[in-house]
Amino acid sequence: MQFHGEAIKPWQIWTRRPLWLKTLIGMLLGVGLGVGIEEQALQLKPIGVLFVNTIQMLMVPLIFCSVIAGLTSLLKGKALDRIGIKAICLYFCSTAIAICIGLMMGWLLEPGVGADMGPYLRPGAMLESPSLANVLGNLVPSNPVQAMVDGKILQVIVFAVALAVALNACGRRGRPAILFFTSLAEGMFKLTQMVMALAPYGVCALMAWMTSKYGLELLLPLLKVIGAVYLGCLLHVLGVYSTLLLLLARLNPLHYFKSIVDAQAVAFTSSSSNNTLPITLACAEQRLGVSPTITAKVLPIGATINMDGTALYQGVTALFVAQAFGVDLHMVDYLTIISIATLASIGTAGTPGTGLMLLTLTLTAVGLPLEGVALIAGIDRILDMARTTVNVSGDILVSVLIARSENELDLTTYHDASAGEDIEFPLR
């Protein structure tokens, strides 16, 4: 058999497929097994549980090391000047707004209603929601090691942020520790890739078990999840970004949207903010008139920490899982989801599949079953395309807003409808 002119062995046809496609095939195969051989499919549950446990094993060390590595990288040297601070503040604010829109979409459209996979008793669930004072008091762990053992993700992130700031303040004496955590973060990312390579098999086993137990009805709400995420993304880009351009920069949003179409197209097809960065730079500088001084500082930060689309996705999918398993979320849970999606963006990478790993983190933080990840995994690529498009659109928006505030925006270029029409975009 030939593959791009190269003779390959039959089993290499499977190994050379992209992970998202293999995961989708695994999901569909699992559904087929659950419908075709119900009794035998129930026996596949231990394989799925093993996959879920493996993901849980990664969560605490992955987020702890990656947040330290990501934040110290942002803080080191002169990278965090006035422009950098503006960029981080704007990115965090837009991410918080995005997660709120995602939660609103999940609350209004109720994508998980009808899946009937509950009821599910959350570990350590309380009869009454804790007060806001108790929540704020519990943000700082009395014992950070115990917080890691107990999987209290928000406390772990708070400690990681504090430690990153302290290590950066130590100057040269803190460099060995920073290098250690950076190296460990790279190791955790590699281990995560290895574990996610098993996703097609874990998802297949989980879907076979869940389909045999709950029936095909659990698949129908997935269409509502896709609709809710895409509707939320459109609302965020067309509504929030247009409002920010009008209010903060007093600029016409129409030319902004026309000028970023190419970057959005690459982001949609590649599902990677990092791979889209060369096109993002070209659109911002040559079509919108943003100074290279601004883009050189703002856009790389955005590709690293700006997760508007991913945060919105977290809100919709977290509520989907809660509704599917019959779990009532309290206000504290919503605040936890907002905090996790915003703070964890520091350490996540702008590569395909990041959102799925972040979803497991969110579900763990609010005590929701990770079996819900199997449902989302099959359609994750479809959702990833939309959320990456939002992320890249937000990167360019923030560069325009900061350039406008710093008098580094060429208004002639911005308002020129023909600007940048002859750009030959760099390929990656």
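Counting begins at 1 with the first residue of the sequence.
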Stepwise side-chain contact (heavy atoms from CB on, under 4.5 Å) check, Asp380 with Thr23: CA-CA 9 Å; Asp380 184 66; Thr23 304; over 6 Å; no
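- Taking CZ of Arg175 as the reference point, atom OG1 of Thr182 lies at 7.0 Å (rounded to 0.5 Å).
- A donor-acceptor pair is defined here as one N or O able to donate and one able to accept, closer than 3.5 Å; such a pair exists between the side chain of Ser393 and the backbone of Thr389.
- Residues Ala374 and Met207 come closest through the heavy atom pair O-SD, 3.9 Å.
- Enclosure of atom CE in Met194 is not indicated, since only 12 or fewer non-hydrogen atoms of other residues, nucleotides or ligands lie within 6.0 angstrom.
- Pro141 has its side chain out of reach of Lys152: every pair of non-hydrogen atoms, C-beta onward, lies at least 4.5 Å apart.
- A heavy-atom distance below 4.5 Å is not found between the side chains of Trp107 and Leu103.
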Under the side-chain contact (heavy atoms from CB on, under 4.5 Å) rule, what do Leu62 and Leu361 come out as? Steps first, then yes or no, please. CA-CA 10 Å; Leu62 174 63; Leu361 187 70; over 6 Å; no
For the pair Ile83 and Glu406, evaluate side-chain contact (heavy atoms from CB on, under 4.5 Å) and give the outcome as yes or no after the intermediate values. CA-CA 8 Å; Ile83 294 175; Glu406 297 286 331; 4.3 Å; yes
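- With a 4.5 Å cut-off on side-chain heavy atoms, Asn306 and Ser94 count as touching.
- Taken from CD1 in Ile376 to CG in Leu383, the straight-line distance is 6.5 Å, to the nearest 0.5 Å.
- Between Tyr91 and Asp308, the closest side-chain pair of non-hydrogen atoms is not below 4.5 Å.
- Using a 4.5 Å cut-off on side-chain heavy atoms (C-beta onward), Leu206 and Val52 make contact.
- A distance of 5.0 Å separates CG of Leu222 from CE of Met27, quoted to the nearest 0.5 Å.
- Of all the heavy atoms in Leu154 and Ser339, the pair that sits closest is CD1-CB, 3.7 Å.
- Side chain of Asn391 to backbone of Gly309: a donor-acceptor contact under 3.5 angstrom is found.
- Put simply, CE on Met307 and OG1 on Thr388 are 8.5 Å apart, with the number rounded to the nearest 0.5 Å.
- The shortest side-chain heavy-atom distance between Met105 and Leu231 falls under the 4.5 Å cut-off.
- Between Ile99 and the options Thr310, Ile337, Leu312, a side chain to side chain contact (heavy atoms under 4.5 Å, CB included) holds for only Ile337.
- Here Asp395 contributes atom CG and Ile260 contributes atom CD1; the two are 10.0 Å apart, rounded to the nearest 0.5 Å.
- Across every non-hydrogen atom of Leu33 and Ala208, the tightest pair is CB-CB, 4.1 Å.
- A distance-only check finds no donor-acceptor pair linking the side chain of Ser73 to the backbone of Gly70 [under 3.5 Å].
- Listed for the Thr269 side chain is a donor-acceptor partner under 3.5 Å among the backbone atoms of Val266.
- In terms of modelled atom types and a separation under 3.5 Å, the side chain of Arg404 and the main chain of Ala249 share a donor-acceptor contact.
- Taken from CE in Met148 to CD1 in Ile153, the straight-line distance is 10.0 Å, to the nearest 0.5 Å.
- Side chains of Ile178 and Ile68 form no contact here, defined as non-hydrogen atoms less than 4.5 Å apart.
- Here the closest heavy-atom approach between residue Tyr256 and residue Leu397 is recorded as OH-CB, 3.5 Å.
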Is there a side-chain contact (heavy atoms from CB on, under 4.5 Å) between Ile396 and Thr295? Walk through the geometry before answering. CA-CA 9 Å; Ile396 301 175; Thr295 58; over 6 Å; no
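- Using modelled atom types, no side-chain atom of Asn168 and backbone atom of Val165 make a donor-acceptor pair closer than 3.5 Å.
- Summarising the geometry of Gly151 relative to Thr364, their closest heavy-atom pair is O-CG2, 4.4 Å, with the distance given to 0.1 Å.
- Side chain of Gln314 to main chain of Gly102: no donor-acceptor pair is present (N/O by atom type, distance under 3.5 Å, no hydrogens or angles).
- In this structure, Thr72 contributes its side chain and Ala69 its backbone to a donor-acceptor pair below 3.5 Å.
- Annotation: side chain of Val237 is in contact with side chain of Phe257 (closest heavy-atom distance under 4.5 Å).
- Pairing each heavy atom of Pro369 with each of Val321, the nearest pair is O-CG1, 3.8 Å.
- The neighbour count for Lys224 NZ, taken as heavy atoms of other residues, nucleotides or ligands under 6.0 Å away, is above 12.
- Between Phe159 and Phe64, the ring planes are parallel. Angles under 30° get that label, and only those over 60° would be called perpendicular.
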